[in-house]
Amino acid sequence: MRWSRYFLQTVREAPGDAEAVSHILLTRAGMIRRLAAGIYSLTPLGLRSHRKCERIVREEMDRSGALEVELPILQPRELWEESGRWERYEREEILFHLKDRKAGDYCLAPTAEEAVTTMVRAGVTSYRQLPVTLYQIRTKFRDEIRPRFGLMRGREFLMYDGYSFDAGEEGLDRSYAAQDAAYRAIFRRCGLDFTVVQADSGAIGGTASEEFMVLADTGEDAVVSCAACGYGANLEKAETGRRPAPWRDETEAPLVEVPTPGKGGIDDVVNFLGITAARMIKCLVYESEQGYAVALLRGDLEVNEVALKHVLGVEHLALASEEKVERATGAPVGYVGPHKLPWEKLRVVADESIRDAVNAVTGAGRRDWHVAGFVLRRDAKVEQWGSFAQARAGDPCPRCGKPLAIARGIEVGHIFKLGTKYSKALGCAYTDEKGESHPAVMGTYGIGVGRTMASAVEQHHDGDGIVWPLSLAPFEIALVSLNPADAPTREAADALYDALRQAGMDVFYDDRDERPGVKFKDADLIGFPIRVNVGGRAFKEGQVEIVRRRDKNVRTAPLAGALEAVRALRAELLGG
RNA sequence: CGGGGCGUAGCGCAGCGGUAGCGUAUCUGCUUUGGGAGCAGAUGGUCGCCGGUUCGAUCCCGGCCGCCCCGACCA
């Protein structure tokens, strides 16, 4: 492709509201353009990288034995009511919905469990037809609370979604493993440094699930990992080993009330009394669809609400307002005391971090007073225990006890053992060899194509622009004519362009009448892995320059040997 | 949904009660040709939308829409 006939504009300055590196560079390189919040257009150049990413996913999925299908994006409400998701997604306001002319409700699918299960239930009746894994790579719609970072979190985006159907759990394990292997191959081919972590099952429900995380500072997720044993989990899911307790081996002191006028917050009390936050017991009052619940944990720890939801067995959880806290516990916010709670009326759960709490400080159950010498076993009667404190960097690993680390990550893929939730709800069953009917055991899998592409930019860029991995570059090679006005230079560049194309090379020819500096800047910004310069100094010696984008390493080759030299560099880049 | 901020040329921004300006990009000419050159000229704007105040509003006031950031959780 010749730039002079292409539709491509690079820009010096990114839109002022762009934050993430990938957003800025993809915009500046002229590959994406924002149409509305979380809605992006891909230019011809942007589409090339996007398509390459999509192709890698398709190739690996086909190789894994999954079969491509196309499921409707426009889906009727009835389908979603069969699975029970309409009401739920509606409540979470994630669904884009619309009405047809007869006022029937439809949605733009955010995912396709219902549609695919409906397809399979009509076709599969026997265990002999299983397993089967179906997938598609199509646009998804989600009315995200907060779209951001360009392609990273959009409201309309291209997503691979796969669904496996098996006769039995062992089958699911195999299908899941096949997806896991395909995912690893895909992200490796995309040149990404990724890690696989345990994840919470989230809104969809199900059992085991793992996320593929690309480590990058702009990641929206926090990833907990242990370098010693390889444990890894999303922060929402992360567990920890036993943290050292501040009250170990202490003898019990009597319970005394201490005045703490106007000191409701943990930090206030800590400073006022000159103690550590770990010495305190925090009482948090939550509201759920099942009523109020009080969570007790050590003052220096934070609640992992996802874990707390599991402990309580509730779907929704939010801190109660000040008025509600007072109404529920009889104490104002900041002064709630476990020993003064109306235990018979309130549900109370305690975190393992205060299991043996002795001589702790906590609220006195009335304004401006706390208590010291609090002994949990003696002063309160906890009936339900759980682990819902959020992991912190340095906490002990739940497996090996070594310190945990926390990093930012971008979730590019998710694999999920779903079980029979949808097959039961939608009646997708098979008959086994004994003639008995069972719901199919499902897995569900997703990869964000645009997000994967953007993640590659997050991990591979420098001060001059994008440094595409060969596999995702819009074009692998930029051929730059340094002086198109000079006939011999132009003719040599034209000839080399033809030769590269005839050799099947993926080449973009910058034949514009611009100064060399402009072309170098643009080539670096867009990030072609290989650049070939024709003209100027080297050309006088009958040479061309071949530049590796990654490190700007330059080698020269005689004009006649340029094709071979490009091939050699390309082979090097393929090799890593 | 709450808080904050911003909507002025394709992009980045300034301005200000008297109907708009800078940089960049674009176009023309000259000059230049190895890291976003220089000179000269030119094109380009219902100053987000609606209403109010005023002799007069891009500016002040009100409403709406759009966009961005933070929060929606720790007492």
Side-chain angles (χ1 to χ4, degrees), chain A residues 9-20 23-24 27-28 30 33-39 91-93 143 145-150 235-236 260 262-270 277 280-287 294-309 316-326 329 331-337 351 362-363 367 370 388-390 463-465 480-486 489-490 510 512-526 531 533-540 544-545 547 552 554:
Chain A
Q9 304 82 35
T10 58
V11 287
R12 286 186 197 218
E13 286 176 285
D17 51 36
E19 291 275 317
H23 186 193
I24 293 169
T27 302
R28 287 194 53 214
R33 217 175 163 85
R34 201 193 76 213
L35 188 68
I39 304 176
R91 182 159 17 95
E92 291 173 9
E93 296 180 311
D143 196 359
I145 301 171
R146 210 176 138 195
R148 59 182 142 183
F149 299 154
L235 181 63
E236 293 177 346
T260 48
K263 310 292 179 190
I266 293 281
D267 290 344
D268 298 335
V269 177
V270 163
M280 293 195 67
I281 294 176
K282 222 186 238 190
C283 308
L284 303 175
V285 183
Y286 282 91
E287 209 178 355
V294 178
L296 307 179
L297 80 164
R298 228 168 66 186
D300 60 325
L301 300 173
E302 308 289 336
V303 166
N304 174 345
E305 282 195 10
V306 172
L308 183 56
K309 278 183 199 174
H316 292 280
L317 206 58
L319 279 176
S321 66
E322 293 197 13
E323 304 81 68
K324 285 176 173 174
V325 168
E326 200 147 355
T329 68
V333 167
Y335 302 97
V336 176
D351 183 72
T362 189
R367 187 175 298 283
H370 278 74
F388 52 82
Q390 193 162 289
D464 292 323
V480 175
S481 172
L482 296 184
N483 188 359
D486 174 62
T489 300
R490 186 180 63 244
D510 189 351
R512 294 174 303 166
D513 184 20
E514 292 285 352
R515 296 162 60 90
V518 173
K519 297 186 175 189
F520 295 153
K521 288 286 186 192
D522 276 335
D524 287 349
L525 174 60
I526 295 167
R531 186 175 86 219
N533 296 334
V534 178
R537 305 191 286 255
F539 188 65
K540 292 196 182 82
V544 298
E545 289 157 345
V547 185
K552 308 278 177 71
V554 182

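Here the structure is a predicted model, which means the values were calculated and not measured. Labels below follow one simple rule: chain letters A, B, ... track the order of the sequence lines, proteins then strands, and each chain is numbered from 1.
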Could you list the residues that satisfy side chain to side chain contact (heavy atoms under 4.5 Å, CB included) with [X], not counting sequence neighbours?
| X | value |
| --- | --- |
| A:L235 | A:A222, A:V224, A:Q390, A:A391, A:I406 |
| A:V547 | A:R531, A:N533, A:V554 |
| A:A320 | A:V285, A:Y292, A:K324, A:V325 |

With rounding to the closest Å, how many angstrom separate the [atom1] atoms on [N] and [M]?
| N | M | atom1 | value |
| --- | --- | --- | --- |
| B:U32 | B:U43 | P | 28 Å |
| B:C1 | B:C64 | P | 12 Å |
| B:G7 | B:G36 | P | 32 Å |
| B:G29 | B:G18 | P | 40 Å |
| B:A42 | B:C47 | P | 23 Å |
| B:G15 | B:A37 | P | 29 Å |
| B:G48 | B:G66 | C1' | 7 Å |
| B:U58 | B:G51 | P | 12 Å |

So which atom in A:Y335 and which in A:K263 form the shortest heavy-atom distance, rounded to 0.1 Å?
OH-N, 3.0 Å
Smallest heavy-atom separation, A:M280 atom then A:V270 atom, equals SD-CG2, 3.9 Å
Once you round it to whole Å, what is the distance between [atom2] of [N] and [atom1] of [X]?
| X | N | atom1 | atom2 | result |
| --- | --- | --- | --- | --- |
| A:R531 | B:G34 | CZ | P | 14 Å |
| A:I24 | B:C68 | CD1 | C1' | 13 Å |
| A:R34 | B:C67 | CZ | C1' | 6 Å |
| A:E19 | B:G5 | CD | C1' | 13 Å |
| A:E514 | B:G35 | CD | P | 14 Å |
| A:K540 | B:G34 | NZ | P | 8 Å |
| A:D513 | B:U32 | CG | P | 14 Å |
| A:E13 | B:A9 | CD | P | 14 Å |

Determine the contact category for [X]: base if any of its heavy atoms lies under 4.0 Å from a base atom, sugar-phosphate if only primed atoms, P, OP1 or OP2 are that close, otherwise nothing.
| X | result |
| --- | --- |
| A:A14 | sugar-phosphate |
| A:A538 | base |
| A:E545 | base |
| A:G535 | base |

Donor on one side chain, acceptor on other, A:T489 and A:N483, under 3.5 Å:
no
Residues, nucleotides or ligands: over 12 heavy atoms within 6.0 Å of A:I39 CD1
yes
Output row for RNA chain B, stems defined as at least 3 consecutive Watson-Crick or G-U pairs under 3.5 Å, is B:1-7 with B:65-71, B:10-13 with B:21-24, B:26-30 with B:38-42, B:48-52 with B:60-64
Check whether any side-chain heavy atom of A:K521 sits under 4.5 Å from a side-chain heavy atom of A:E514, and report yes or no.
no
Do [X] side-chain atoms and [Y] backbone N/O form a donor-acceptor pair below 3.5 Å?
| X | Y | answer |
| --- | --- | --- |
| A:D524 | A:I526 | no |
| A:H370 | A:G264 | no |
| A:Y286 | A:L308 | no |

Derivation and outcome, side-chain contact (heavy atoms from CB on, under 4.5 Å), residues A:V534 and A:L482:
CA-CA 6 Å; A:V534 178; A:L482 296 184; over 6 Å; no
Distances under 3.5 Å only, N/O to N/O: pair up the protein atoms with those of nucleotides 36-39 of chain B.
unit_1	atom_1	unit_2	atom_2	d
B:G36	O2'	A:R12	NH1	2.7
B:G36	O2'	A:R12	NH2	2.3
B:G36	O6	A:R28	NH2	3.0
B:G36	N1	A:D522	OD1	3.0
B:G36	N2	A:D522	OD1	3.0
B:G36	N2	A:D522	OD2	3.0

Set out, line by line, the N/O atom pairs under 3.5 Å between protein and nucleotides 73-75 of chain B.
unit_1	atom_1	unit_2	atom_2	d
B:C74	O2'	A:K282	NZ	2.6
B:C74	N3	A:V303	N	3.4
B:C74	N4	A:V303	O	3.0
B:A75	OP2	A:K282	NZ	3.0
B:A75	O3'	A:G264	O	3.0
B:A75	O3'	A:G265	N	3.4
B:A75	O3'	A:I266	N	2.6
B:A75	O2'	A:G264	O	3.0
B:A75	O2'	A:G334	N	3.3
B:A75	N6	A:V285	N	3.2
B:A75	N6	A:V285	O	3.2

With a 3.5 Å cut-off and just heavy-atom distances, do the side chain of A:D524 and the base of B:G35 make a donor-acceptor pair?
yes
Find the distance between OG1 (A:T362) and NZ (A:K282) and round it off to the nearest 0.5 Å.
11.5 Å
